[in-house]
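Input: a single structure, listed below in C-alpha cells.
First listed ligand is number 1; within each ligand, the first listed atom is number 1. Note that these values count all heavy atoms, side chains included, but never hydrogens, waters or copies made by symmetry.
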Amino acid sequence: MAEVFLGAVAAVRPFGAGHINETFLVEAAAGEYVVQRINTAVFADPEAVTANIVVVYRHLRGGVMPEPVPTPAGDWLVWDGGAPWRAWKRAPGRPLRSAEASPAALRAAGGLLGRFHGLVADLDPDCVTETLPGFHDPGRRLAALRAVIAEDPCGRVATVPGEIQMAEEAESLVEVAADLTRRVPRRVAHFDAKLDNILFDNGNAITLVDFDTLMAGAWFWDVGDLLRSGATTAAEDEPDLERVVVAPERYQAIVDGYRHGLSTAGMFERGEDEAVDVAGAIVTYEQAVRFLTDWIAGDVYYRIGRPTHNLDRARAQFRLLASMPRP
Ligand code: GN1
Ligand code: MG
C-alpha cells in the first residue's frame, strides 16, 4: 500500500502505540513516512477526518503538526482491502513515556499544546466536521456504561463492583463538565492530546501527532488529556496501582507550560482559565468510564495487548482520579 503514496519502498515496520488505527513506519527513497490504515469501525467517515486534518494543516502553515502526504494523483486516501490508508512525512522526535518525561519536558509539552491552541484560535470551528459525535461527553459515556452494565454481555459486571461504584460516586463531574462546556467558547481542538501524541527532541516538545479527532469543542479536553497522561509517572495501563498517583510538580509543570504557551500565542476567553483547573479530573473520569465500559462490553473498542488490559486501564484511571485535583 505504501508504494501507492511513495513509490519504491525499502522497509516497513509497525510503529507507534495507538489503540485504534494501524500505523507503520515506511522507508522510501525520499525519506521516512508514516502510513496508516484507518479503522472505519471507529472513524466511519474517513473523508471527513481527512478534510479536518487538511484544513488545520493549511491553517498552521507548517510546524506543530506533521505534513500529510497525498498520492502523486493528489488523493489523501487510498482504499485497499476495504480500508482507507493515508501517509504522513515522519516528523522528527519521539514520544516520551510518562516515566521518562521530566517536569521540564512536561512544561514544554504544555507549552506546545498552548501554542497549538493559540494558532487555531482564529480558525472558524465550523471549518471542521464533528466526525465522532459526542466524543467528549462524560454524561454520554456514563450512560453507555450503565447500558452495558444492564446488558452484561460477557458476565464481567461481577468482576468490577468497586469500579462501578467509583464511576457512580464521581458522577458530579458530569455536570461540572457540562456546565463548563456550555460556558466556554467553541474552538478547534485536538481531542486526543495525551502525552503519547507529543514528539520530543532533546527535551523540547516539537510536534503534536494523531489529528484524527480534530473537532470543534472546548479546549479544556486537550489540557485535561495531557494532565491525565503526564501528571503521573505511571502508564495509562499500569497494573501496580500504588504507582498511579499525581505528582504535584508534574501537574503544575503542564498547567504552567500550557498557560504560558497560550498567553504568548493566543488568549483565554470566558471560563477557559477556570476550566484548566478541573480538566484533568474530568478527562481522567471520562477515560476511566470508557475503559470500564469496554471491559464489560468484552473489549470491542480499544485494541488490547493482554486479556485484562481494559480492566487494568480502567483501574489505573480510577486510581489516578483519586489524586487528581478537582472541585
Ligand atoms: C484512543 O488510538 P489512540 O491511542 O490514539 C482514543 C482516545 C483515548 C486513547 C486512550 C478515537 O486513542 O480517545 O483517549 O485511546 N481514540 C478514540 O489512550 O477513541
Ligand atoms: Mg488518537
Side-chain angles (χ1 to χ4, degrees), residues 14-24 34 36-46 48-50 52-53 56 65-66 68 83-84 86 88 91 95-98 109 113 116 128-138 140-141 144-145 177 189-199 207-215 217-218 220-232 234-238 244 279-295 297 299-306 309-318 320-321 324:
F15 192 61
H19 303 348
I20 309 284
N21 294 327
E22 280 176 73
T23 304
F24 302 89
V34 173
Q36 294 184 295
R37 180 184 205 265
I38 301 177
N39 179 344
T40 48
V42 173
F43 297 105
D45 188 351
V49 169
T50 304
N52 287 351
I53 287 171
V56 171
M65 175 178 182
R86 62 149 180 243
W88 306 84
L96 293 180
R97 279 179 292 112
S98 198
L113 181 62
F116 168 68
V128 291
T129 303
E130 189 179 26
T131 50
L132 300 171
F135 186 63
H136 277 302
D137 181 348
R140 190 177 79 88
R141 301 296 186 177
L145 172 63
H190 183 288
F191 269 16
D192 190 13
K194 57 181 174 180
L195 189 60
D196 238 15
N197 284 336
I198 292 180
L199 305 186
T207 308
L208 270 165
V209 296
D210 186 7
F211 285 84
D212 294 319
T213 48
L214 272 174
M215 274 179 266
F220 72 78
W221 299 110
D222 287 351
V223 68
D225 235 330
L226 193 54
L227 289 165
R228 174 185 78 78
S229 52
T232 175
E236 176 179 89
D237 57 358
E238 173 61 60
V244 188
I282 291 170
V283 177
T284 304
Y285 175 68
E286 182 186 55
Q287 195 66 63
V289 168
R290 290 178 67 192
F291 285 144
L292 181 59
T293 302
D294 204 34
W295 166 251
D299 311 312
V300 296
Y301 187 85
Y302 295 106
R303 189 179 303 130
I304 54 170
R306 54 181 184 261
H309 214 157
N310 277 314
L311 178 59
D312 295 345
R313 287 164 173 158
R315 287 187 169 150
Q317 298 299 296
F318 278 118
L320 183 63
L321 180 61
M324 196 53 89

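- Taking every non-hydrogen atom of F43 and a distance limit under 4.0 Å, the qualifying atoms of ligand 1 come out as 11 (C).
- Ranking the protein heavy atoms by distance from atom 13 (O) of ligand 1 puts R290 NH1, 2.8 Å first.
- For ligand 1, the atoms sitting less than 4.0 Å from at least one non-hydrogen atom of K194 are 3 (P), 4 (O), 5 (O), 9 (C), 10 (C), 12 (O), 15 (O), 18 (O), numbered in the order shown with element in parentheses.
- Between F291 and H19, the angle of the ring planes lies from 30° to 60°, which puts this pair in the tilted group.
- Between F211 and W88, the ring planes lie tilted relative to each other; the angle falls in the 30° to 60° range.
- Of all protein heavy atoms, the one lying nearest to atom 17 (C) of ligand 1 is Y301 OH, 3.3 Å.
- Of all atoms in ligand 1, numbered sequentially from 1 with element shown, those under 4.0 Å from a heavy atom of D210 are 5 (O).
- Around the Mg ion (ligand 2), the two atoms OD2 of D210 and OD2 of D192 are separated by an angle of 100°, to 10 degrees.
- Comparing heavy-atom distances from atom 1 (C) of ligand 1 across N21, I20, V283, N197 singles out I20 as nearest.
- From the protein, the heavy atom lying nearest to atom 14 (O) of ligand 1 is Q287 OE1, 2.6 Å.
- Defined by atom type and a distance below 3.5 Å, a donor-acceptor pair is missing between the side-chain atoms of H309 and D299.
- With respect to D312 and R306, a salt bridge is recorded, a charged nitrogen being found less than 4.0 Å from a carboxylate O.
- Taking the centre and axis of the six-membered ring of F135, the NZ or CZ atom of R141 falls inside the cone set by 45° and 6.0 Å.
- Residue, atom and distance of the protein heavy atom nearest to atom 12 (O) of ligand 1 are D192 OD2, 3.2 Å.
- Side-chain atoms of Q317 and T284 form no donor-acceptor pair, as typed in the model, at a separation below 3.5 Å.
- Residue E236 has at least one heavy-atom neighbour below 4.0 Å for each of these atoms of ligand 1: 10 (C), 18 (O).
- Of the protein's non-hydrogen atoms, H19 CD2, 3.3 Å is the one closest to atom 15 (O) of ligand 1.
- To the nearest 0.5 Å, the span separating CD on E236 from CG on L320 amounts to 10.0 Å.
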